[in-house]
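Structure, as structure tokens:
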Amino acid sequence: MSVPHAIIASFPDTPSFYHAAEKVRDAGYKKWDTYSSFPVHGMPQAQGQPRSKVPIFTFCGGITGFALGLSIVWYMNYFDYPLIVGGKPFFSPVFPFPIMYELTILLAAFGTLGGMFLTNLLPQHHNPFFESDTFLEVAGDRLLIAIEARDPKFDVQSTRQFLESIGGTNIEEITV
Amino acid sequence: MASSPNDSPLSPTQAAILSKVEPAELVEQPLVANDRDFNWVTNKICRIVETKTPTWWWVCMAMALLTASFTGMGLAYLVSTGVGVWGLANPINWGWAIVNFVFWIGIGHAGTLISAVLCLLKQGWRTSINRAAEAMTIFAVICAGIFPLFHVGRIWFAWWLFPLPNANAIWPQFRSPLEWDVFAVSTYGTVSVLFWYMGMIPDLGVLRDRAVQRLKLGAYEGSSWLTKRMDIFRKYFYAIFAMGWRNAGNHWRNYEMAYLVLAGLSTPLVLSVHTIVSFDFAVAQLPGWHTTIFPPYFVAGAIFSGFGMVLTLMLPLRAVYGLHDLITQRHIDNMCKICLGTGSIVGYAYIMEFFIAWYGANPYESFAFINRGFGQYSWAYYMMFACNVFTPQLFWFKAVRRNAALVWVMSIFINVGMWFERFVITVTSLANDFLPSSWGYYSPTIVDVFTFFGTFGVFSVLFLMFVRFLPLMPIGEVKYVMPQADPHCHSSHQKGEQH
């Protein structure tokens, strides 16, 4: 027996797509998303989504990189094998600054990419959406809104009617 | 200005004239020409990798592989014989290897500038060129990395560059700009790959979905046996790297934030990399190297040469794939103007170096510059000056910028000039330093020439592979700058219908 996973509806152009997203948000749905092959300006607000949490990962990566840069230079040139260069102090936070600078950026970049994957719950190679031909057309120019069955307000009949009422066409049920 | 006509202090005649005067309509050139729709953009970019490999690609690939083999042979000879096969001899121990390293690493800078700095500055025109420029960055860093790595002579000890203890338990010494350079260049290469890859994820998803669509449709009658197998390959290849991207609004939200943050990280990175490369010279006490102008001057030169290379690569690609609606005259104009701007900064730096050498009243410094202009390497200096200072000035003229063939030729001049700049800096200062008794003259050997010549082949092989297998332009970003993508657009731009 096939269990409904989501109901998808298509929209003809970006403005109607955007305004439909605002209506889904205002109707109180929680487990839903928009699908488009390009980022739509202002869509996070229209979907009522909070600010992305990716910068937190960036910050953690950056702090780690800075501390790592500082500590490797201290450990290697001061603690483990003090290296005499021109009779200068073995350690100072000034001369290895480029090391700290570069490692800060390096680990912050890894944090950002990792944060993007974590916040988006990727990699996720299987998803019931991929079975739908309509969904695959998002790669071209289709604009979709999908309300998922795990939403507490989800009901096959009323959700379908709701999507029709906000201008959705080609309404399709995706099953698992 | 907000006053209504009734209470305006204008006389009736003035008011009558004013009512007739209409503000001139400022037409902004669209970033995607000819009013194309979303599907057109997707098809145009995807078909570059989905259709049969064109003949010119095979021809270019064969030539590139042949050229690349020169580097392979040069390096094999060097490793088996010793670093003496290069023309390095006292006092010039930094010859072509360092010149080529700085040349290639500089080329890379335009890619990061386009993807990061222009992103932060909200320059919409970057979208259609940034992917290829980022690819150029990565491949240029690979070519650059070859030279210092083999310049160490005993390549099997190259791991001493990394923060690992050697056989005597000694660690690298972090006061050396050369060690900073290891960190700067390896970070630059890594972050460029991360940025490039992350930007590509949505497009890999598009290529995956299109392959799945074709496989589901199953219309393979009449096509060769390879066509279907290639689609099966594409389905899995692109799916693995797309990581299950679904084009969801939530995905885009986090992706756009991550993209912005990476752009913010890459901007200080790109400025630091060539700054640290310039420290390799500026921290030394050699006349002609020991100057504070080096970091900004190197960064400007790097961007200048990088944009030269972007033009060298993109103009033929635009012609061969008919991408004129995506890389419009506006894009070319903008790139030419950046060449003009950075080229002028470089020209200013050349003149300022001379001025400071005189004003600083250091006889060695003055000699170094007079020697550059009139000494044994003056031919290289004039080559550099002609290519870097005079060539970009032609970009003031609209007629020049609109002549794609001429722009392409000038972009080659820029690359030649920037190579000579590094030659002049590296070699003239080393050849004639403080003591005339230690002076020398450097000439490269045939191994030097072959190894450098071959890196253009290495670069071309990688770039051709990129063009053939990966999306040449960020599809989502190109669509984003189209009027149809604006959710508040109420013009006639409706999706698809008008064609």
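So that the names make sense, note that chain A is the first sequence line, chain B the second, and so on, each numbered from 1.
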**Message:** Can a side-chain donor-acceptor contact be found between B:Asn254 and A:Ser52 if the only test is distance below 3.5 angstrom?
**Reply:** yes
**Message:** Tell me which of these, B:Glu179, B:Gln173, B:Arg253, has more heavy-atom pairs under 4.5 Å with chain A than the rest.
**Reply:** B:Arg253
**Prompt:** Is the centre of the B:His488 ring less than 6.0 Å from the centre of the A:Tyr18 ring?
**Reply:** yes
**Fill in**
From the list B:His251, B:Met198, B:Lys216, the residue making the most non-hydrogen contacts under 4.5 Å with chain A is B:His251
**Prompt:** Side chain, backbone, both or neither: which part of B:Trp171 has a heavy atom under 4.5 Å from chain A?
**Reply:** both
**Asked** What closest approach, in Å, do B:Ala485 and A:Phe38 show between heavy atoms, and which atom pair accounts for it?
**Response** CB-CE1, 3.5 Å
**Message:** Please classify the contact of A:Gln124 with chain B as side chain, backbone, both or neither, using a heavy-atom distance under 4.5 Å.
**Reply:** both
**Asked** Which atoms of A:Asn127 come close to chain B, meaning under 4.5 Å heavy atom to heavy atom: side chain ones, backbone ones, both, or neither?
**Response** side chain
**Fill in**
chain B shares the most heavy-atom pairs under 4.5 Å, among A:Val138, A:Leu113, A:Ile99, with A:Ile99
**Item:** Option in A:Asp133, A:Leu121, A:Leu144, A:Ile145 with maximal non-hydrogen atom pairs under 4.5 Å from chain B
**Value:** A:Asp133
**Part of B:Leu269 lying under 4.5 Å from any heavy atom of chain A** = both
**Prompt:** Tell me, side chain or backbone of B:Thr187 under 4.5 Å from chain A's heavy atoms, or both, or neither?
**Reply:** both
**Neighbour count above 12 (heavy atom, 6.0 Å) for A:Phe59 CZ** = no
**Request:** Please flag which part of A:Tyr101 lies under 4.5 Å from any non-hydrogen atom of chain B: side chain, backbone, both or neither.
**Result:** side chain
**Asked** Any side-chain donor-acceptor pair under 3.5 Å between A:Glu102 and B:Ser272?
**Response** yes
**Item:** Part of A:Lys53 lying under 4.5 Å from any heavy atom of chain B
**Value:** backbone
**Message:** Is it true that, when you exclude A:Phe90 itself, more than 12 heavy atoms of the residues, nucleotides or ligands shown sit nearer than 6.0 Å to its CZ?
**Reply:** yes
**Message:** Quick check: closest heavy atoms across B:Met257 and A:Val54, and the distance to 0.1 Å?
**Reply:** CG-CB, 4.0 Å
**Message:** Counting heavy-atom pairs under 4.5 Å with chain A, which one of B:Val182, B:Ile240, B:Leu217 comes out on top?
**Reply:** B:Ile240
**Request:** Hey, can you tell me if B:Tyr480 and A:His41 have their rings parallel, tilted or perpendicular (30° and 60° cut-offs)?
**Result:** tilted
**Request:** State, to 0.1 Å, how close A:Tyr35 and B:Ala248 come at their nearest heavy-atom pair, and which atoms those are.
**Result:** CE2-CB, 3.4 Å
**CE on A:Met116 to CG on B:Leu194, rounded to 0.5 Å** = 10.5 Å
**Asked** Can you check whether A:Ala139's main-chain N or O pairs, donor with acceptor, with B:Asp209's side chain at less than 3.5 Å?
**Response** no
**Per-residue contact mode, B:Trp40 against chain A (heavy atom under 4.5 angstrom)** = neither
**Top contributor to chain B contacts, counting heavy-atom pairs under 4.5 Å, from A:Thr58, A:Thr119, A:Thr104** = A:Thr119
**Complete:** For B:Arg246 and A:Phe130, the nearest pair of non-hydrogen atoms, with its separation, is CG-CZ, 3.5 Å
**Request:** Output the distance between atom CD1 (A:Ile105) and atom OG1 (B:Thr267), rounded to the nearest 0.5 Å.
**Result:** 9.5 Å
**Request:** Might you confirm whether atom NZ of A:Lys31 has over 12 heavy atoms from other residues, nucleotides or ligands at distances under 6.0 Å?
**Result:** no
**Expected output: side-chain B:Trp252 to main-chain A:Met43 donor-acceptor under 3.5 Å** = no
**Request:** Give, as side chain, backbone, both or neither, the part of B:Pro268 having an atom under 4.5 angstrom from any heavy atom of chain A.
**Result:** both
**Prompt:** Tell me, side chain or backbone of B:Pro202 under 4.5 Å from chain A's heavy atoms, or both, or neither?
**Reply:** neither
**Prompt:** B:Ile276 and A:Pro98: which non-hydrogen atoms are nearest, and at how many Å?
**Reply:** CD1-CB, 3.8 Å
**Message:** Counting only non-hydrogen atoms closer than 4.5 Å, does A:Phe135 touch chain B with its backbone (N, CA, C, O), its side chain (CB onward), both, or neither?
**Reply:** side chain
**Closest contact, heavy atoms only, A:Ala109 versus B:Val191** = CB-CG2, 3.8 Å
**Prompt:** Is the backbone of A:Gly86 close enough, under 3.5 Å, to the side chain of B:Arg175 for a donor and an acceptor to pair up by distance?
**Reply:** no
**Prompt:** Around B:Leu164, counting heavy atoms of other residues, nucleotides and ligands shown, do more than 12 lie under 6.0 Å from its CG?
**Reply:** yes
**Prompt:** What is the distance from atom CG of B:Leu262 to atom CZ of A:Phe110, rounded to the nearest 0.5 Å?
**Reply:** 11.0 Å
**chain B contact residues among residues 72-83 of chain A, heavy-atom distance under 4.5 Å** = A:Ile72, A:Val73, A:Tyr75, A:Met76, A:Asn77, A:Asp80, A:Tyr81, A:Leu83
**Request:** Against chain A, label B:Glu256 side chain, backbone, both or neither, depending on which of its atoms sit under 4.5 Å from a heavy atom there.
**Result:** side chain
**Item:** Side chain / backbone / both / neither for A:Thr112 at chain B, heavy atoms under 4.5 Å
**Value:** both
**Request:** Give the member of A:Ser37, A:Ala146, A:Gly62 that has the highest number of heavy-atom pairs under 4.5 Å with chain B.
**Result:** A:Ser37
**Message:** I need the residue from B:Glu477, B:Arg208, B:Arg210 with the largest number of non-hydrogen atom pairs under 4.5 Å to chain A.
**Reply:** B:Arg208
**Item:** Which of A:Pro96, A:Pro55, A:Gly69 touches chain B most, by non-hydrogen pairs under 4.5 Å
**Value:** A:Pro55
**Message:** Under 4.5 Å from any heavy atom of chain B, what part of A:Phe117 do you find: side chain, backbone, both or neither?
**Reply:** side chain
**Prompt:** In this structure, are over 12 heavy atoms from other groups packed under 6.0 Å from B:Phe241 atom CZ?
**Reply:** no
**Asked** Could you state the interatomic distance from CG (A:Leu136) to CZ (B:Arg214), rounded to the nearest 0.5 Å?
**Response** 11.5 Å
**Message:** Evaluate B:Thr190 against A:Leu106 for side-chain contact (heavy atoms from CB on, under 4.5 Å), listing each step before the verdict.
**Reply:** CA-CA 8 Å; B:Thr190 314; A:Leu106 181 69; 3.7 Å; yes
**Complete:** Ranked by heavy-atom pairs below 4.5 Å to chain B, first place among A:Pro50, A:Ser16, A:Gly115 goes to A:Pro50
**Fill in**
Distance col, row B:Phe174:CZ vs A:Phe97:CZ, nearest 0.5 angstrom, shows 15.5 Å
**Asked** Among B:Gly249, B:Gly476, B:Cys46, which residue forms the greatest number of heavy-atom pairs with chain A at distances under 4.5 Å?
**Response** B:Gly249
**Message:** Quick one, A:Asp33 with B:Asn250, criterion side-chain hydrogen bond (donor to acceptor under 3.5 Å, both in side chains). Give me CA distance, side-chain angles, the key distance, then yes/no.
**Reply:** CA-CA 7 Å; A:Asp33 218 331; B:Asn250 189 41; 4.7 Å; no
**Asked** What part of B:Tyr259 lies closer than 4.5 angstrom to a heavy atom of chain A: side chain, backbone, both or neither?
**Response** neither
**Pairs of heavy atoms under 4.5 Å with chain A: top-ranked of B:Phe195, B:Trp245, B:Trp180, B:Tyr197** = B:Trp180
**Asked** Which bit of B:Ile201 is near chain A, if near means a heavy-atom gap under 4.5 Å: side chain, backbone, both or neither?
**Response** side chain
